[in-house]
Amino acid sequence: MANPLYDGLFGQHVGRDTVFLHLPDERTLTYAAFLDMAAQYAAALTDMGLAPGDRVAVQIAKSPHALVIYAACAQAGLVFLPLNTAYTADEVAYFLENSGARVVLVDSGKRDAILPIADRCRAQLETLDADGTGSFATKAAGFPPHYDTVPRSEDDLAALLYTSGTTGRSKGAMLSQKNLLSNARALQSEWRFTAQDVLLHALPIFHTHGLFVATNITLLAGGQMIFLPKFSVDQMIDALPRATTMMGVPTFYTRLLADNRFDAALTRHMRLFISGSAPLLAETHVQFERQTGHRILERYGMTETNMITSNPYDGERRAGTVGFPLPDVEVKITDSTTGATLPRGAIGEIEVRGPNVFQGYWQMPDKTAEELRPDGFFITGDLGQIDADGYLSIVGRNKDLIISGGYNIYPKEIELLLDAEAGILESAVIGVPHPDFGESVVGVLVAAPGQTPDLDAIRSSIGTSLARFKQPQKLVVLPELPRNTMGKVQKKALREQFADVFA
Ligand code: MCA
Ligand code: AMP
């Protein structure tokens with residue numbers, strides 16, 4: 001029996017001496033070196049007592065080694081669970097408890113903070129640093145670079161990716177081998193990725209965008225990546241002449257456009273620029289074409305579904321739209337209340353079905369049932385409209401979600417913390433327009449009777465448990481929150497009131 005994901009992505013379909021990663025300082029990593037290391041890592045994980053289906057939580061800086069762990073998990077039939085490096089120890093504790101991860105890999109700098117949590121959760125902790133050193137690397141170095149790939153079926157779990165929720169509790173999206181592989185194949189073909197492509201990669205690799213969309217497609221094509229540790233305008237401009245394609249969130253593109261070195265001459269040789277994870281303003285699309293002569297290809301996806309739609313490679317890339325459903329993916333627009341399918345042109349809930357759609361939320365059957373219909377359609381929580389030519393536009397959200405610089409932030413999680421602070425009666429967290437991040441977080445507070453909240457103390461208190469990117473960039477105090485006749489907080493009114501705070 002085979003292992004579809006490992007065979008599909010990492011099978012020996014590329015010359016072993018082909019370069020896979022271009023790293024800073026002109027270093028390179030070949031496919032052979034990458035796969036040999038993956039075999040050693042897989043052997044080390046198996047030696048630690050892990051069996052197929054066990055979860056491996058990973059919170060390490062972006063590096064080739066973080067990708068090697070992903071490959072090793074695929075080869076050993078383990079479930080890869082990547083975590084945002086910005087998450088605090090409190091946040092990591094939840095993911096370890098909820099997932100029952102048997103191993104957690106962290107940078108050595110995080111070891112002391114995470115070790116007590118790992119012990120409590122009975123997870124084995126090992127360190128792995130960006131330079132490839134650490135206790136796990138030492139262990140792995142003791143194994144030969146050969147490992148008998150563990151057989152798996154396409155419905156077996158490949159990854160568990162946590163997405164925040166409207167209740168404030170994160171949910172683990174269970175992604176099967178088929179989910180990942182079918183989507184990578186569809187995108188590779190739609191976007192024409194080949195072994196000649198060199199993808200400029202500056203995204204984090206703990207989310208779908210940088211991990212599955214960018215990396216899986218490159219692996220399938222046998223292409224190369226210029227692998228930057230993080231986004232920096234200078235490094236991007238320096239690397240662009242050696243790339244053929246680039247993927248990014250809208251913030252990448254607005255930052256590049258603000259630099260006058262980013263012009264038609266610098267990008268003339270580029271084949272494709274792709275944007276996603278957050279809305280690309282139509283004006284950014286237009287400015288991009290004016291400044292470079294390229295039309296950005298915008299696509300739409302979610303953690304639970306991988307990619308759903310894409311603007312066409314050939315044909316019109318229509319600004320303000322996310323294009324057409326990918327092959328084998330069905331999209332319909334429904335009435336949020338009744339679930340009935342709406343006619344073309346109507347605005348409603350976007351629902352999606354296909355081999356890309358996840359298996360459900362880890363050990364949360366009720367949450368799964370709320371969002372995944374028995375007939376296989378997943379309710380995205382995004383509001384959309386399909387035009388006469390079949391292009392989908394995302395016109396709003398039916399979920400209380402903020403997207404800041406491509407990161408999702410669920411207000412409930414922050415409101416629960418703010419409500420618990422001294423001197424606070426209640427709070428409402430909203431997203432308002434931000435010139436760099438698209439949206440940014442504002443916390444609106446109401447003081448408990450007779451109290452004057454200490455905003456600095458509140459900031460530092462929530463800072464211990466909440467990743468920095470989720471923390472409100474602004475806290476304001478109001479006498480009361482606007483409510484409708486049913487008593488529900490009117491966030492729309494608050495968003496209007498504070499629309500200009502970051503202008
Ligand atoms: C960093 N900071 C942020 C963000 N990023 N604050 C709000 N929103 C953010 N996105 C804060 C830091 O905590 C820090 O705060 C300060 O900004 C500067 O930090 P630094 O690390 O230098 O930030 P940066 O390098 O400028 O990062 C901005 C960024 C990055 C490049 C836009 O956030 C990024 O790479 N975003 C991509 C996210 C992504 O891959 N999303 C895909 C999700 P302080 O100075 O106060 O300490 S997958 C997905 O959505 C679906 C499936 C899809 O369709 O793709
Ligand atoms: P995540 O939970 O990180 O997977 O984020 C998924 C959400 O990102 C979707 O439900 C959308 O709201 C949003 N998203 C992704 N791509 C786009 C896009 N091209 N335009 C607008 N929103 C997008």
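Residue indices begin at 1 and follow the sequence shown. Both counts, for ligands and for their atoms, begin at 1 and track the order of listing.
Taking every heavy atom of P279 and a limit of under 4.0 angstrom, the matching atoms of ligand 2 come to 20 (N), 21 (C), 22 (N). Listed by atom number, the atoms of ligand 1 under 4.0 Å from T303 heavy atoms are 52 (C). Counting the atoms of ligand 2 from 1 in the order shown, those under 4.0 Å from a heavy atom of I403 are 8 (O), 12 (O), 13 (C). Applying the 4.0 Å criterion to heavy atoms of G405 picks out, from ligand 1, the atoms 10 (N), 32 (C), 33 (O), 36 (N), 37 (C), 38 (C). For ligand 1, the atoms lying closer than 4.0 Å to a non-hydrogen atom of F231 are 31 (C). Those atoms of ligand 1 that come under 4.0 Å of a heavy atom in G301, given as number and element, are 54 (O). Close approach of ligand 2 to I394 is summarised as follows: ligand atoms under 4.0 Å from at least one heavy atom of the residue are 20 (N), 21 (C), 22 (N). Ligand-side atoms of ligand 2 in range of M302: 4 (O), 6 (C), 9 (C), 10 (O), range being under 4.0 angstrom from any heavy atom. Against a heavy-atom cut-off of under 4.0 Å, L203 is close to the following atoms of ligand 1: 40 (O). Here is the list of ligand 2 atoms found below 4.0 Å of a heavy atom in N408: 1 (P), 2 (O), 3 (O), 5 (O), 6 (C). Counting atoms of ligand 1 from 1 in the listed order, those under 4.0 Å from a heavy atom of S404 are 7 (C), 8 (N), 9 (C), 10 (N). For ligand 2, the atoms lying closer than 4.0 Å to a non-hydrogen atom of E298 are 18 (C), 19 (N), 20 (N).
F273 does not carry R317 over the face of its six-membered ring by the limits of under 6.0 Å from the centre and within 45° of the normal. For the pair K474 and F498, the cation does not sit on the ring face, since its NZ or CZ is not both under 6.0 Å from the ring centre and inside 45° of the axis. Seen from the ring of Y361, K171 counts as a face-on cation partner, given the 6.0 Å and 45° thresholds. Geometric assessment of K62 against the ring of F227 yields a positive cation-pi assignment under the 6.0 Å and 45° thresholds.
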Inset, instruction - In sequence, state the C-alpha distance, the side-chain angles, and the governing distance for V501 and V442, and then conclude on side-chain contact (heavy atoms from CB on, under 4.5 Å). - result: CA-CA 9 Å; V501 288; V442 173; 4.0 Å; yes
Legend entry - ring-ring contact (aromatic ring centres under 6.0 Å, His included) assessment of F288 paired with F262: CA-CA 10 Å; F288 198 89; F262 188 72; 5.6 Å; yes
Inset, instruction - Tell me, with the steps shown, if S310 and L297 meet side-chain contact (heavy atoms from CB on, under 4.5 Å). - result: CA-CA 7 Å; S310 170; L297 184 154; 3.3 Å; yes
Legend entry - Check against salt bridge (charged side-chain N to carboxylate O under 4.0 Å, His left out), R261 and D234: CA-CA 10 Å; R261 291 171 295 173; D234 285 341; 2.6 Å; yes
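Less than 4.0 angstrom separates atom 15 (O) of ligand 1 from at least one non-hydrogen atom of the protein. Checking atom 8 (N) of ligand 1 against the protein gives a heavy-atom contact under 4.0 Å. Distance remark: protein heavy atom not present below 4.0 angstrom from atom 18 (C) of ligand 1. Checking atom 11 (C) of ligand 1 against the protein gives no heavy-atom contact under 4.0 Å.
Between the side chains of Y391 and N311, no donor N or O sits under 3.5 Å from an acceptor N or O. Between the side chains of E421 and S461, a donor-acceptor pair is found at a separation under 3.5 Å. For the 3.5 Å distance criterion, the side chains of S176 and D155 fail to qualify, holding no donor opposite an acceptor. Donor-acceptor pairing under 3.5 Å is lacking for the side chains of N84 and Y162. With 3.5 Å as the limit, one finds a donor-acceptor pair spanning the side chains of D419 and S427. For the 3.5 Å distance criterion, the side chains of E298 and H285 fail to qualify, holding no donor opposite an acceptor.
Closest of all the heavy-atom pairs between F252 and G248 is CD2-CA, 3.5 Å. Nearest approach of P82 to L161, heavy atoms of both residues: CD-CD1, 3.6 Å.
For ligand 1, the polar-atom distance check finds no N/O of G276 at less than 3.5 Å from any of the ligand's N/O atoms. Of the polar atoms of N408, none of the N or O atoms is found under 3.5 Å from an N or O of ligand 1, judged by distance alone. Considering backbone and side-chain N/O of T208, none are found under 3.5 Å from N/O of ligand 1. Residue R299 has at least one nitrogen or oxygen atom sitting less than 3.5 Å from a nitrogen or oxygen atom of ligand 2, judged on distance alone. The shortest N or O to N or O distance between R468 and ligand 1 is below 3.5 Å. Taking only nitrogen or oxygen atoms, main chain and side chain alike, R255 reaches within less than 3.5 Å of ligand 1. Considering backbone and side-chain atoms alike, Y407 places every N or O at 3.5 Å or more from each N or O of ligand 1. When only interatomic distances are considered, the shortest N/O to N/O separation between V249 and ligand 1 does not fall below 3.5 Å.
Here the shortest heavy-atom distance to atom 15 (C) of ligand 2, taken over A173, G276, G301, belongs to G301. Scanning A278, G381, G396 for the heavy atom closest to atom 18 (C) of ligand 2 points to A278. Of the listed residues (K62, H207, R299), the one carrying the non-hydrogen atom nearest atom 54 (O) of ligand 1 is R299. Among P204, G248, S440, S277, the residue whose heavy atom lies closest to atom 53 (C) of ligand 1 is S277.
Contact annotation: for D382 versus ligand 2, heavy atoms closer than 4.0 Å belong to the side chain alone. Within the 4.0 Å heavy-atom criterion, the part of F252 lying near ligand 1 is the side chain and not the backbone. Residue contacts with ligand 2, taken as heavy atom pairs separated by less than 4.0 Å, do not involve H209 at all. When non-hydrogen atoms are compared, ligand 1 lies under 4.0 Å from the backbone of F469 as well as from its side chain. At a heavy-atom cutoff of 4.0 Å, ligand 1 is contacted by the side chain of K230 but not by its backbone.
Assignment of K470 to the shell around ligand 1 is not supported, since no heavy atom sits closer than 4.0 Å.
Protein heavy atom in closest approach to atom 16 (N) of ligand 2: S277 N, 3.2 Å.
Aromatic rings of F206 and Y87 (six-membered ring for Trp) have centroids beyond the 6.0 Å cut-off, not under it. Taking the six-membered ring for Trp, F437 and Y407 have ring centres at least 6.0 Å apart.
Taking the charged nitrogens against the carboxylate oxygens, R192 and D314 do have a contact shorter than 4.0 Å, which makes a salt bridge.
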